[in-house]
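Sharing a structure below in C-alpha coordinates format, with a few things to ask.
Below, each value reflects all heavy atoms present in this structure, side chains not excepted, and no hydrogens, waters or symmetry copies. What you are looking at is a predicted structure, and each value in this text was computed from that prediction instead of being measured. For ligands, and for the atoms within them, numbers begin at 1 and follow the listed sequence.
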Amino acid sequence: VKPVPVIDVALVHHPVRDRRGETITTAINNVDVHDIARSCRTYGVRVFHVVTPITAQQAIAERILVHWREGEGATRLPERGDALDRVRIAASIEDVVAGMTAELGERPTTIVTSAAPPTDRVWLGHSDAAARLRIEGVTLLVLGNGHGLTDDVMQGADEVLAPIVGVDGYNHLSVRAAAAILLDRLLRRDA
Ligand code: SAM
(Lines give C-alpha, C1' and ligand atoms only; values in the text may rest on other atoms or scores of the structure.)
Protein backbone atom coordinates (compact mmCIF):
# COMPACT_ATOMS: atom_id res chain seq x y z
CA VAL A 1 0.00 0.00 0.00
CA LYS A 2 1.39 3.40 -0.98
CA PRO A 3 2.14 5.27 2.26
CA VAL A 4 0.28 8.56 2.63
CA PRO A 5 2.71 11.43 2.00
CA VAL A 6 3.84 13.12 5.23
CA ILE A 7 4.83 16.74 5.66
CA ASP A 8 6.30 18.35 8.75
CA VAL A 9 7.07 22.03 9.20
CA ALA A 10 9.98 23.53 11.17
CA LEU A 11 10.29 27.10 12.44
CA VAL A 12 14.00 27.72 13.02
CA HIS A 13 15.32 30.21 15.59
CA HIS A 14 18.96 29.26 15.04
CA PRO A 15 20.83 29.57 12.80
CA VAL A 16 19.07 32.59 11.33
CA ARG A 17 20.36 35.91 10.05
CA ASP A 18 19.97 39.37 11.49
CA ARG A 19 19.48 42.47 9.34
CA ARG A 20 23.24 42.66 8.78
CA GLY A 21 23.44 39.03 7.72
CA GLU A 22 25.13 37.90 10.93
CA THR A 23 24.11 34.52 12.33
CA ILE A 24 21.99 34.90 15.45
CA THR A 25 19.51 33.03 17.59
CA THR A 26 16.07 34.60 17.87
CA ALA A 27 13.66 34.15 20.77
CA ILE A 28 10.61 31.99 20.35
CA ASN A 29 7.50 34.09 20.38
CA ASN A 30 4.12 32.88 21.41
CA VAL A 31 2.32 34.31 18.38
CA ASP A 32 4.49 32.40 15.90
CA VAL A 33 3.90 29.13 17.73
CA HIS A 34 0.13 29.56 17.97
CA ASP A 35 -0.41 31.04 14.54
CA ILE A 36 1.71 28.58 12.57
CA ALA A 37 0.41 25.64 14.64
CA ARG A 38 -3.13 26.54 13.60
CA SER A 39 -2.13 26.81 9.94
CA CYS A 40 -0.29 23.48 10.16
CA ARG A 41 -3.30 21.79 11.77
CA THR A 42 -5.58 23.24 9.09
CA TYR A 43 -3.52 21.78 6.24
CA GLY A 44 -2.83 18.37 7.78
CA VAL A 45 0.82 18.89 8.64
CA ARG A 46 1.94 15.94 10.84
CA VAL A 47 4.21 17.84 13.24
CA PHE A 48 5.17 21.51 13.62
CA HIS A 49 8.73 21.56 15.00
CA VAL A 50 9.86 24.67 16.91
CA VAL A 51 13.65 24.69 16.73
CA THR A 52 15.94 26.40 19.22
CA PRO A 53 19.20 25.20 20.80
CA ILE A 54 18.61 27.31 23.92
CA THR A 55 17.33 25.13 26.75
CA ALA A 56 15.72 28.07 28.58
CA GLN A 57 13.78 28.83 25.40
CA GLN A 58 12.80 25.20 25.04
CA ALA A 59 11.44 25.31 28.60
CA ILE A 60 9.36 28.40 27.79
CA ALA A 61 7.93 26.74 24.71
CA GLU A 62 7.20 23.58 26.67
CA ARG A 63 5.28 25.59 29.26
CA ILE A 64 3.19 27.21 26.52
CA LEU A 65 2.36 23.78 25.11
CA VAL A 66 1.47 22.26 28.46
CA HIS A 67 -0.85 25.17 29.26
CA TRP A 68 -2.76 24.69 26.02
CA ARG A 69 -2.70 20.91 25.99
CA GLU A 70 -3.67 20.07 29.55
CA GLY A 71 -4.03 23.33 31.43
CA GLU A 72 -6.59 26.05 31.57
CA GLY A 73 -6.13 26.76 27.87
CA ALA A 74 -7.20 23.26 26.87
CA THR A 75 -10.52 23.58 28.65
CA ARG A 76 -11.17 27.11 27.43
CA LEU A 77 -10.16 26.52 23.78
CA PRO A 78 -9.94 22.81 23.00
CA GLU A 79 -9.51 23.42 19.30
CA ARG A 80 -6.36 25.42 20.06
CA GLY A 81 -5.13 22.48 22.10
CA ASP A 82 -5.79 20.30 19.10
CA ALA A 83 -3.47 22.49 17.02
CA LEU A 84 -0.79 22.68 19.68
CA ASP A 85 -0.90 18.92 20.18
CA ARG A 86 1.10 18.68 16.98
CA VAL A 87 3.85 21.00 18.11
CA ARG A 88 7.21 19.63 19.22
CA ILE A 89 10.37 21.38 20.34
CA ALA A 90 13.79 20.47 18.91
CA ALA A 91 17.33 21.74 19.38
CA SER A 92 18.33 21.75 15.71
CA ILE A 93 17.19 21.02 12.17
CA GLU A 94 19.48 17.99 12.23
CA ASP A 95 17.65 16.66 15.29
CA VAL A 96 14.32 17.13 13.52
CA VAL A 97 15.57 15.25 10.43
CA ALA A 98 17.03 12.45 12.57
CA GLY A 99 13.82 12.17 14.58
CA MET A 100 11.64 12.03 11.47
CA THR A 101 13.91 9.45 9.86
CA ALA A 102 13.77 7.24 12.94
CA GLU A 103 10.04 7.67 13.40
CA LEU A 104 8.93 7.40 9.78
CA GLY A 105 11.58 5.03 8.47
CA GLU A 106 12.47 7.47 5.71
CA ARG A 107 14.70 10.54 5.65
CA PRO A 108 12.66 13.66 4.89
CA THR A 109 13.25 15.74 1.79
CA THR A 110 14.13 19.15 3.23
CA ILE A 111 12.66 22.19 1.47
CA VAL A 112 13.90 25.60 2.67
CA THR A 113 12.09 28.87 2.15
CA SER A 114 13.12 32.48 1.77
CA ALA A 115 11.97 35.81 0.36
CA ALA A 116 15.30 35.92 -1.49
CA PRO A 117 16.62 32.41 -2.08
CA PRO A 118 20.21 31.88 -3.29
CA THR A 119 20.44 32.45 -7.03
CA ASP A 120 23.05 29.71 -7.49
CA ARG A 121 20.47 27.01 -6.82
CA VAL A 122 17.51 25.88 -8.88
CA TRP A 123 14.26 26.86 -7.16
CA LEU A 124 11.38 24.43 -6.76
CA GLY A 125 8.19 26.06 -8.07
CA HIS A 126 5.09 26.06 -5.89
CA SER A 127 2.96 23.97 -8.25
CA ASP A 128 5.80 21.46 -8.71
CA ALA A 129 6.17 21.29 -4.94
CA ALA A 130 2.41 20.80 -4.53
CA ALA A 131 2.43 17.98 -7.08
CA ARG A 132 5.38 16.28 -5.38
CA LEU A 133 3.82 16.58 -1.95
CA ARG A 134 0.86 14.60 -3.20
CA ILE A 135 3.09 11.63 -4.00
CA GLU A 136 6.39 12.18 -2.17
CA GLY A 137 7.07 10.16 0.99
CA VAL A 138 8.32 12.44 3.74
CA THR A 139 8.99 16.18 3.53
CA LEU A 140 10.20 18.84 5.96
CA LEU A 141 9.34 22.45 5.06
CA VAL A 142 11.74 24.81 6.84
CA LEU A 143 10.88 28.40 7.79
CA GLY A 144 13.26 30.87 9.39
CA ASN A 145 12.69 33.49 12.04
CA GLY A 146 14.69 36.69 12.26
CA HIS A 147 15.72 37.78 8.77
CA GLY A 148 15.59 34.27 7.45
CA LEU A 149 17.65 31.11 7.26
CA THR A 150 21.42 31.27 6.95
CA ASP A 151 23.13 30.53 3.66
CA ASP A 152 24.52 27.28 5.06
CA VAL A 153 20.99 26.07 5.76
CA MET A 154 19.80 27.22 2.34
CA GLN A 155 22.70 25.47 0.60
CA GLY A 156 22.45 22.31 2.69
CA ALA A 157 18.78 21.63 1.93
CA ASP A 158 17.54 19.17 -0.67
CA GLU A 159 15.30 21.78 -2.31
CA VAL A 160 15.00 25.55 -2.28
CA LEU A 161 11.40 26.68 -2.66
CA ALA A 162 10.71 29.58 -5.00
CA PRO A 163 9.76 32.73 -3.06
CA ILE A 164 6.25 34.07 -2.69
CA VAL A 165 6.27 37.06 -5.01
CA GLY A 166 4.11 40.16 -4.56
CA VAL A 167 3.13 42.67 -7.19
CA ASP A 168 5.93 45.22 -7.17
CA GLY A 169 9.01 43.91 -5.43
CA TYR A 170 7.88 44.76 -1.90
CA ASN A 171 8.54 41.53 -0.05
CA HIS A 172 8.42 41.68 3.75
CA LEU A 173 5.93 39.05 4.81
CA SER A 174 5.90 37.88 8.39
CA VAL A 175 6.95 34.26 8.84
CA ARG A 176 3.36 33.61 9.98
CA ALA A 177 1.88 35.00 6.77
CA ALA A 178 4.46 33.23 4.63
CA ALA A 179 3.72 29.94 6.37
CA ALA A 180 0.00 30.26 5.73
CA ILE A 181 0.45 31.21 2.08
CA LEU A 182 2.93 28.40 1.42
CA LEU A 183 0.86 25.76 3.20
CA ASP A 184 -2.18 26.75 1.17
CA ARG A 185 -0.25 26.65 -2.09
CA LEU A 186 1.43 23.35 -1.33
CA LEU A 187 -1.33 21.46 0.45
CA ARG A 188 -4.74 22.86 -0.50
CA ARG A 189 -7.07 20.14 -1.70
CA ASP A 190 -9.59 22.25 -3.61
CA ALA A 191 -7.12 23.42 -6.27
N1 SAM B 1 10.85 37.79 11.81
C2 SAM B 1 9.95 38.57 10.96
C3 SAM B 1 8.52 38.18 11.26
O4 SAM B 1 8.29 37.01 11.50
O5 SAM B 1 7.67 39.09 11.20
C6 SAM B 1 10.22 38.36 9.49
C7 SAM B 1 9.99 36.90 8.95
S8 SAM B 1 11.33 36.21 8.34
C9 SAM B 1 11.91 37.55 7.40
C10 SAM B 1 11.50 35.28 6.99
C11 SAM B 1 10.96 33.89 6.93
O12 SAM B 1 9.62 33.95 6.49
C13 SAM B 1 11.76 33.12 5.91
O14 SAM B 1 12.72 32.32 6.54
C15 SAM B 1 10.73 32.31 5.18
O16 SAM B 1 10.50 31.11 5.89
C17 SAM B 1 9.47 33.15 5.30
N18 SAM B 1 9.27 34.08 4.19
C19 SAM B 1 9.16 35.42 4.28
N20 SAM B 1 8.91 35.97 3.08
C21 SAM B 1 8.85 34.94 2.20
C22 SAM B 1 8.62 34.85 0.79
N23 SAM B 1 8.38 35.94 0.05
N24 SAM B 1 8.63 33.63 0.22
C25 SAM B 1 8.85 32.52 0.97
N26 SAM B 1 9.08 32.53 2.29
C27 SAM B 1 9.08 33.73 2.90
* Basic-acidic side-chain contact under 4.0 Å: Arg88, Glu103 -> yes
For ligand 1, which of its N or O atoms have a protein N or O partner closer than 3.5 Å, and how long is each gap?
{"unit_1": "ligand 1", "atom_1": "1 (N)", "unit_2": "Gly146", "atom_2": "O", "d": "3.1"}
{"unit_1": "ligand 1", "atom_1": "4 (O)", "unit_2": "Val175", "atom_2": "N", "d": "3.2"}
{"unit_1": "ligand 1", "atom_1": "14 (O)", "unit_2": "Gly144", "atom_2": "N", "d": "2.9"}
{"unit_1": "ligand 1", "atom_1": "14 (O)", "unit_2": "Gly144", "atom_2": "O", "d": "3.2"}
{"unit_1": "ligand 1", "atom_1": "16 (O)", "unit_2": "Thr113", "atom_2": "OG1", "d": "2.7"}
{"unit_1": "ligand 1", "atom_1": "16 (O)", "unit_2": "Gly144", "atom_2": "N", "d": "3.3"}
{"unit_1": "ligand 1", "atom_1": "23 (N)", "unit_2": "Ile164", "atom_2": "O", "d": "2.9"}
{"unit_1": "ligand 1", "atom_1": "23 (N)", "unit_2": "Asn171", "atom_2": "OD1", "d": "2.9"}
{"unit_1": "ligand 1", "atom_1": "23 (N)", "unit_2": "Asn171", "atom_2": "ND2", "d": "3.3"}
{"unit_1": "ligand 1", "atom_1": "24 (N)", "unit_2": "Ser114", "atom_2": "O", "d": "3.4"}
{"unit_1": "ligand 1", "atom_1": "24 (N)", "unit_2": "Ile164", "atom_2": "N", "d": "2.9"}

* Structure fact -> The complete set of ring-ring contact (aromatic ring centres under 6.0 Å, His included) pairs with one or both residues in residues 151-172, sequence neighbours excluded, reads Tyr170-His172
* Inter- and intrachain pairs under ring-ring contact (aromatic ring centres under 6.0 Å, His included), touching residues 18-64, at least two apart -> His34-Trp68
* Asked: How would you list all residue pairs meeting ring-ring contact (aromatic ring centres under 6.0 Å, His included) that involve residues 89-125, not counting sequence neighbours?
  -> none
* Crowding at CZ, Arg76 (>12 non-hydrogen neighbours, <6.0 Å) -> yes
* Asked: Is the closest side-chain donor-acceptor distance between Thr25 and His14 under 3.5 Å?
  -> yes
